[in-house]
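Here is the structure we will look at.
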Amino acid sequence: MKSTAFLVLSFFLLLNLSACKKEKAVIKIPPQPIDISLTSIIPVPVSLEASNSSLAITPGTTIFVDSTSKELYAIGKLLKSYLSDSIHVEAFSGSKQYGNIYLTLADSIEHKEGYILNINEDYVELTANQPEGVFRGVQTIRQLLPVKINDSVQHIGTGRITDYPNYEYRGAMLDVARHFFSVEDVKTFIDWLAYYKMNILHLHLTDDQGWRIEIKSWPNLTAHGGQTAVGGGKGGFFTQEDYKEIIKYAEERYITIVPEVDMPGHTNAALSSYAELNCDGKAPEMYTKMKVGFSTLCTDKDITYKFLDDVIGEIASITPGPYFHIGGDESHATKLKDYIFFINKAQDIVHKHGKRVIGWDEITHATLKENTVVQYWNKAENTVKGVEQGAKVIMSPAPKAYLDMKYNKETELGLGWAGYIEVDTAYIWNPAKLEPEIKRDNILGLEAPLWSETVTNIEEVGYMVFPRLAGYAEIGWSQDSLRNWDEYKLRLAKHADRLKALKINYYKSEKIPWED
Ligand code: TNX
């Protein structure tokens with residue numbers, strides 16, 4: 001067996017060398033019958049027609065990209081990095097040849113994230129309207145092959161997939177405030193999102209227990225406020241350069257970063273860093289416990305709004321995405337009339353800096369400005385108040401979508417206040433049918449937040465996130481009519497090897513007939 005593999009490999013290396021010459025020797029590897037409808041693609045695509053044959057992807061395969069698009073070249077490079085270092089990426093000109101992958105832009109599909117993947121016995125062709133669509137389609141190619149092909153020969157099944165997302169906002173949140181996570185960890189998280197075609201990473205950057213983003217005009221926020229964490233650990237923070245590195249990594253994967261600075265509550269770290277933000281002018285100690293709802297910025301001091309303007313301005317200026325999240329949750333220490341006054345001002349400041357406001361559902365106590373988005377986590381009645389004001393909604397109902405909830409009573413990590421969320425509970429719900437007054441048209445999409453009171457490293461993050469994230473990705477991307485738990489769990493079962501190969505420490509739920 002080994003020597004056959006060696007022969008095949010040497011043969012392809014030769015073939016590859018001959019690519020330097022004008023005409024490539026075209027020697028086809030006999031196809032095999034592969035039915036791609038049996039392949040477990042998550043999220044399930046809109047339409048899939050299998051044609052029951054195959055094409056061999058080998059070290060001699062070249063990824064050809066539209067020569068007019070720099071972005072496609074970068075996507076080609078990413079596809080190469082996912083599959084094999086031996087594969088080449090080149091600008092396309094001329095005619096399609098056997099054994100290659102072609103990434104192209106065309107008007108063939110309308111949606112900006114949609115794509116058409118056509119695989120025949122001669123080549124793979126991925127077409128989209130925008131580079132973003134090509135990137136999403138690349139994830140489908142990955143799932144039709146083993147996680148890494150390296151120098152092996154791998155058959156990809158033939159057929160045609162037409163695909164586009166159901167919701168435009170499909171995200172997860174990482175709380176880097178309760179425990180801090182490094183740039184590398186955040187990149188890993190971004191890779192996970194990209195693999196399942198999610199397009200939003202919301203970073204919860206500040207809370208009572210830590211301030212995690214450098215603000216040049218208020219340096220003590222991180223010098224003092226970034227130095228601890230829940231349980232009293234050492235904390236940490238992103239410099240603006242770190243943040244830009246995260247932004248760039250996310251952008252290359254067509255993921256929008258949504259920065260959140262939680263206010264006026266959840267602000268003990270800021271209040272501890274600057275005495276003047278407190279109504280009594282006294283800075284409290286840093287806080288390392290879990291219970292919240294006790295802190296508030298002083299809503300009637302001018303300095304508070306200067307602070308907001310500086311913080312929001314600095315972050316907005318290095319955030320290319322359209323959103324800025326102002327938090328607004330659990331401000332139990334702020335009087336309602338002060339809270340309303342504050343949220344109205346905060347919305348204006350975000351607008352001044354050119355961003356669209358997102359806030360947790362409590363912000364609907366205030367008058368929402370044009371374009372403000374409400375993130376439903378706790379109270380439907382709050383969210384409905386937002387809908388009545390014309391706001392769009394991000395669905396993150398805690399009992400369904402909270403990645404920090406335990407799977408069951410045995411789960412060591414996580415919290416339980418919103419109930420246990422087993423893998424089936426996380427999957428079996430429909431954002432547009434959860435609350436009668438929140439309709440499909442009101443919904444921008446969904447987001448699964450991971451609060452980090454109990455998780456301290458990326459292995460623990462992986463355990464809480466997987467496999468639930470794959471299900472949220474499918475709820476966000478796939479058509480409702482194609483979603484079915486009994487069928488999904490079989491597809492998910494086949495992702496065991498993938499999750500393992502991606503080195504994800506996932507929860508082996510007994511609800512899934514894992515195949516590994
Ligand atoms: C509620 S969700 C919070 C967070 C906690 C989380 C723990 C939300 C807007 N506020 O401050 O971390 O519960 O599950």
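Heavy atoms only: backbone and side chains are in, while hydrogens, waters and symmetry mates are out. When a ligand or atom number is given, it counts from 1 through the structure's own listing order.
Here's the thing with W360: none of its N/O atoms is less than 3.5 angstrom from an N/O atom of ligand 1. The shortest N/O to N/O separation between R178 and ligand 1 falls below 3.5 Å. No N or O atom of D175 sits closer than 3.5 Å to an N or O atom of ligand 1. Considering backbone and side-chain N/O of D207, none are found under 3.5 Å from N/O of ligand 1. Between E330 and ligand 1, at least one pair of N/O atoms sits closer than 3.5 Å.
The protein atom (non-hydrogen) at minimum distance from atom 2 (S) of ligand 1 is Y402 OH, 2.4 Å. For atom 8 (C) of ligand 1, the closest non-hydrogen atom of the protein is D329 OD2, 3.3 Å.
There is a side-chain donor-acceptor pair under 3.5 Å between T456 and E460.
In terms of heavy atoms, T334 sits closest to P264 at OG1-CG, 3.9 Å.
Salt-bridge annotation for E381 and K385: absent, with no side-chain N of the basic residue lying under 4.0 Å from a carboxylate O of the acidic one. Using a 4.0 Å cut-off between charged nitrogen and carboxylate oxygen, R253 and E251 do not count as a salt-bridge pair. Using a 4.0 Å cut-off between charged nitrogen and carboxylate oxygen, K244 and E241 count as a salt-bridge pair.
Of all atoms in ligand 1, numbered sequentially from 1 with element shown, those under 4.0 Å from a heavy atom of L415 are 7 (C), 14 (O). Shown in contact with E453 at under 4.0 Å from a heavy atom are these atoms of ligand 1, numbered in order with element: 5 (C), 7 (C), 12 (O). If you number the atoms of ligand 1 from 1 as listed, the ones under 4.0 Å from a heavy atom of M405 come out as 14 (O).
Taking H325 as the reference, H202, W360 meet the ring-ring contact (aromatic ring centres under 6.0 Å, His included) condition, with sequence neighbours excluded.
Between N378, D404, D262, it is D404 that holds the heavy atom closest to atom 7 (C) of ligand 1.
D207 pairs in a salt bridge (charged side-chain N to carboxylate O under 4.0 Å, His left out) with only one of the listed residues (R178, R212, K289), which is R178.
For S217 (side chain) and D310 (main-chain N/O), no donor-acceptor pair under 3.5 Å exists by modelled atom type.
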